[in-house]
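Have a look at the structure below, then the notes.
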Amino acid sequence: MRDIYYYLPAAVLLVAFALRLPGFVRHWHDPLVRSVAVVLPLGAVVFFFAAPATISRVNQFTGITNFSAPLVYIILTAGSAGLINLTIMWRGGPEERRRAATRWCVGVYGAVIAALVTLFALGHASDERLRDFDTYYATAAYLREMIVLYLLAHALATLVLAVLCWRWAREVAGLLRVGLLLIVTGSLFSLGYAVLKLVAVGARWTGLDWDWTSTTFAPTLASLATLCQCVGFALPSVSQALARGWRQWTQYRRLGPLWRTARAITPYELVPIPWWSSLSRRHLRRVCDIRDGLRLLSPYLDRDGASGGPAFVTGPGALKPEAERHAALVIAAFRGAPSTAHGGLEALLEGADEELVRLSDALRATAARARTGVPQPAQAPPRAALRTQIPAPCDRCDAGAPCDSRTPHVLPRTVPRAAGRARPAETAPADGRAT
C-alpha cells in the first residue's frame, strides 16, 4: 500500500485539529473538549508513523530495528482508549460515574501499553519489516503475544465504542443520530481491520500465507474507519455551529433597516470596524448602534401617543436636524407593533436581540407604506383609556330576555382622567336607539 494512503488521513486529522484549536484553547477546562483535543492528533500520529517511509526513518533515527512497531502499537492503543473516553464524556451522566469509567479505561489501557513495551523488550526482532511485521513475527516468542494483545485491545475498544454509540443513537434524533451512526460504521470498519490482522496472524500459525489480508485490505479499512469516525464526531458540533451562524446572519440582515435608521439619527460619527471582523463582532456592533439610537429616542418612545406627533428638542445631545423623518418612522413602527410596544422600551434596550429584530421588521413595513402612500394602520388607544372602558349591556340583555336589536347596544363607560370617580353608565333602550 502506498504511503499516500497513510499520509492523507493524517493530514485530514491534523487539519480538523487545527480548525478546532481556538475552541480547544478557549474551553480547555471542559473534559469533552480535552478528549477531542487528544483523539484527533493521536489518530494523525498513528497514520503518520504507520507509513512505511516513516517506519524506516524512525528505525534509522533510533538505531533499534523495528522500533516503529511497538511505537505504532502504543499510539494506536492510546487512541483506542481516547475514543472510549471521548464517548463517555460525550454522553454525559453523573459526574462520579463518568470519572470511574474514565479511570477504568485509563488503567486498563495503561496496563496494555506497559505490557506491549515489556513484550517487545523480551522478544527478538532482528529483521526490519516495513509492511508485514504482524505476520512475519506472528510465530516469534513474546512478539506474537505483543501483536495479539494490541489487536485484541484495539478490537475491544472499537466494539465498546460501537455498542455505546448504537445505544445512544436509539435515544436521539437529527444530526446527532446521523453522527452516532457514522461513528458506529467507522467502528465496524476498525473492527474489521483488527479481524483481518488476526486472521492473517492465525493463518501463519497454521502454516498458511494470507498476508494480503493484513497488508492490503486492513489499512484500507483503517482509512475508511478514520474518515467515518471523524465525520461522525464533527457532524453534530459543525451542524450546530452552522445553524447558530445562520440564525446570527439572519438576525444581522433583518436588523439592517433599524440599524441604518439609527445611524441617521445618531449625532456622532461611529468608529468603523475592520473589514475582516467576524460576523459575531459585526452583529454585536449593529445591536449596540441600534440601542444607542433608541436611547436617544427614549423621551418620545415612552409617551403614550395621545398627544400627537413628537416634538423634537434641540440643544446638546439632540438628534440631527435632518433625522426627524427617520425618528418619526421609528416611533410609528414602535407604536404600531404590539409585540414591541407591549414590552416597552426597556425590553428593547435590555432584552433579547429578537425584540430589536421585530422592531426592525415593523420599521421596514412602515417605511414601505410611507413610500407607497398607503395610510398607516390605526394605532391602539392609550393603555389608560383601555383600562377605563367598562361594557354596559342593555336592560333586556342584562335581564336575560331576548334582544332583537340590530344596532350596537353595548356602550363603553369611560372614567374621565381628571375626575376621580366614575360616571353612571348610560344604557340603550330596547329598540336599539341611543338616548
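This is a predicted model, so every value here is computed, not measured.
- Using a distance-only test at 3.5 Å, with no hydrogens or angles considered, no donor-acceptor pair links the side chain of Thr139 to the main chain of Trp205.
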Show your reasoning for whether side-chain contact (heavy atoms from CB on, under 4.5 Å) applies to Lys197 and Ile147.
CA-CA 9 Å; Lys197 289 279 189 178; Ile147 295 169; over 6 Å; no

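- When only modelled atom types and interatomic distance are considered, Thr102 and Asn85 share a side-chain donor-acceptor pair under 3.5 Å.
- For the residue pair Phe67 and Val58, the shortest heavy atom distance occurs at CD2-CG1, 3.9 Å.
- Take Phe48 and apply the ring pair (Phe, Tyr, Trp, His ring centres under 6.0 Å) test, not counting sequence neighbours, and it matches Tyr7.
- Residue Leu221 holds its CG atom at 10.5 Å from OG1 of Thr213, rounded to the nearest 0.5 Å.
- Listed by first then second residue, pairs satisfying ring pair (Phe, Tyr, Trp, His ring centres under 6.0 Å) with a partner in residues 139-167 read Tyr73-Tyr150, His154-Tyr193, not counting sequence neighbours.
- Contact check on Arg295 versus Asp292 returns a salt bridge, with a Lys/Arg side-chain nitrogen under 4.0 Å from an Asp/Glu carboxylate oxygen.
- A heavy-atom distance below 4.5 Å is not found between the side chains of Ser187 and Leu191.
- Within 6.0 Å of CZ in Phe17 there are more than 12 heavy atoms belonging to other residues, nucleotides or ligands.
- Contact between Ile55 and Ala50 at its shortest, heavy atoms only, is CD1-O, 3.5 Å.
- Within the 4.5 Å cutoff, the side chain of Val172 has heavy atoms near those of the Trp168 side chain.
- Put simply, CZ on Arg286 and CZ on Arg260 are 6.5 Å apart, with the number rounded to the nearest 0.5 Å.
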Could you check Arg364 against Leu258 for side-chain contact (heavy atoms from CB on, under 4.5 Å), going step by step and ending with a plain yes or no?
CA-CA 8 Å; Arg364 182 188 293 109; Leu258 186 58; over 6 Å; no

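- For Phe133, the ring pair (Phe, Tyr, Trp, His ring centres under 6.0 Å) criterion is met by Tyr137, not counting sequence neighbours.
- Salt bridge absent: Arg358 and Asp361 never bring a charged side-chain N and a carboxylate O closer than 4.0 Å.
- A pairwise comparison of heavy atoms in Gly245 and Leu279 identifies O-CD2, 3.8 Å as the closest pair.
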For residues 111-127, run the donor-acceptor check on the side chains, cut-off 3.5 Å, and write out each pair with its distance to 0.1 Å, sequence neighbours left out.
residue : atom : partner : partner atom : Å
Thr118  : OG1  : Ala114  : O            : 2.9
Asp127  : OD2  : Tyr136  : OH           : 2.8

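- The minimum heavy-atom distance linking Ile88 with Ala101 is given by the pair CD1-CB, 3.6 Å.
- Note that SG of Cys228 and CG of Leu188 are 9.5 Å apart. Values are rounded to the nearest 0.5 Å.
- Looking at every heavy atom in both residues, Ala44 comes nearest to Leu13 through N-CD1, 3.2 Å.
- Screening residues 208-233 for salt bridge (charged side-chain N to carboxylate O under 4.0 Å, His left out) gives Arg204-Asp211 as the qualifying pairs, with residues at least two apart or on separate chains.
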Decide yes or no on side-chain contact (heavy atoms from CB on, under 4.5 Å) for Leu176 and Leu180, but give the supporting numbers first.
CA-CA 6 Å; Leu176 178 57; Leu180 290 171; 4.3 Å; yes

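- Closest of all the heavy-atom pairs between Cys105 and Ala81 is SG-O, 3.4 Å.
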Step-by-step side-chain contact (heavy atoms from CB on, under 4.5 Å) determination, Arg282 to Arg285
CA-CA 5 Å; Arg282 292 179 181 274; Arg285 176 62 180 272; 5.6 Å; no

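- Taken from CZ in Phe47 to OG in Ser223, the straight-line distance is 4.5 Å, to the nearest 0.5 Å.
- Expressed to the nearest 0.5 Å, how far CG of Asn66 lies from CG of Leu143 amounts to 8.5 Å.
- To the nearest 0.5 Å, atoms CG (Leu363) and CG (Leu356) are separated by 12.0 Å.
- Listed by first then second residue, pairs satisfying salt bridge (charged side-chain N to carboxylate O under 4.0 Å, His left out) with a partner in residues 158-171 read Arg91-Glu171, not counting sequence neighbours.
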